[in-house]
Amino acid sequence: MFRITHYLQQIDHPTPLKPARKPSGPVVIWNLIRRCNLTCKHCYSISADTHFKGELSTQEACTVMDDLKAFGVPVLILSGGEPLLRPDIFELARRAKSMGFYVGLSSNGTLIDEHNIAEIAAVGFDYVGVSLDGIGATHDKFRRKEGAFDLSLEGIRLCKAHGIKVGVRFTMTQDNASELPLLLDLVDREDIDKFYFSHLNYAGRGMKNRKDDAVFAATRDAMDLLFEHCLKNLRAGTPKDYVTGNNDADGVYLLHWLAKHYPTQQAHIAEMLQQWGGNSSGVNVANIDNLGIVHPDTMWWNYPLGSVRERPFSQIWPDVSDPLMAGLKSSPRPLKGRCAGCQHLAICGGNTRVRAWQLTGDFWAEDPACYLSDEEVGLSVPVPEEVSA
Ligand code: SF4
């Protein structure tokens, strides 16, 4: 995750670089259930409104939780499908909170209503993220459900009214790119705490809709808008948490944006960006799916590392006998093509490996969704095709 506000606040109020902190364990995004009441176009888990067999029982989930805690996992993001469809969601979330995890809920928001908001608030979720793909009919079309937008917005408002930190997650494609400004206005108007801009990833249902992906120019426009909007909020004294996901080239793009607009702050922020280091799939981000299968992150759903039913997470995660995990955990990663020669590899980390793998069958090929020019990544001579393949 790339934290825009974290960096842009340094433009007007620079602070000395703090020593890098090594997290005690990975953030675990836990898809507790695959069932969902919606069938969204870009869903990576290809969910449906039906029961999926073999999901972890309450007792099994508790055993996993104990292991995650002992392993040093600091954050659990409870996700789905739609996690609120899991009958024991509040029991599990309360348990996680009582064990000291930072607990987030990742929901489509349509099931948050007057009947359950008190219980949601009572759990003490540290954060509730609700996905919106546009305003009104645009969102409904993506979610394939009329009225979904109104329900989700009502869910967001209820969370706000009950003092829960809430955010909007927006996955951009060519079909909804034009609504980004409207989404940002909505976040301002509703005083929503966080805005998560997700680049479309080529996995799950997203893979089938690759042609719908926003073109690189639209991505750059979106990043410009996010930077400008974030800075405007900061300067107005109404800061919000703007973050992006699924494209770590965003950090490098910020560097070029700073060179153009705030060159005197560029060197300081570049140091911070290098400390961040870009992509951390398989290192600081982990995924457990509804069946208890561990993956390097949520976009690697078709790449199993092992089942928590057979081996605890604490044994699966450090195991580098798997070639993908060995590469992800090595520093630098064994990258090829333009990522190997990129002058800003220390900031980006080689971006999202699942895209390279899905396009070429090679984990370490260059990321096809890098939207920066050769000049911007410091390659003056184009990389020959046989090297970049
Ligand atoms: S070339 Fe590769 S490492 Fe460099 S910014 Fe693009 S995706 Fe990241």
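Just so you know, ligand 1 is whichever comes first in the structure, and atom 1 is the first atom listed for that ligand. In this text, all values refer to a predicted model and were calculated from it rather than measured experimentally.
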Checklist line | atom 2 (Fe) of ligand 1: protein N, O or S atoms [distance under 2.8 Å] | finding: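 Protein N, O or S atoms closer than 2.8 Å to atom 2 (Fe) of ligand 1: Cys339 SG.
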
Checklist line | Within 45° cone of Phe363 ring axis and under 6.0 Å: Arg353 NZ or CZ | finding: no

Next item on the list: Write down the atom of Leu255, the atom of Ala270, and the distance for their closest heavy-atom approach.
Entry: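 Looking at all heavy atoms of both residues, the closest pair is CD1-CB, 3.4 Å.
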
Notebook entry, point to check: So, for Ser152 and Leu132, which heavy atoms are closest and what is the spacing to 0.1 Å?
Noted result: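 Closest heavy-atom pair between Ser152 and Leu132: CB-CD2, 3.8 Å.
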
Check: Less than 4.0 Å between a side-chain N and a carboxylate O, is that true for Arg338 and Asp367?
Finding: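 No.
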
Notebook entry, point to check: Pick one: which of Lys97, Lys165, Lys194 meets salt bridge (Lys or Arg N to Asp or Glu O under 4.0 Å) with Asp126?
Noted result: Lys97

Next item on the list: On the 0 to 90° scale, with breaks at 30° and 60°, tag the His295-Trp301 ring pair as parallel, tilted or perpendicular.
Entry: parallel

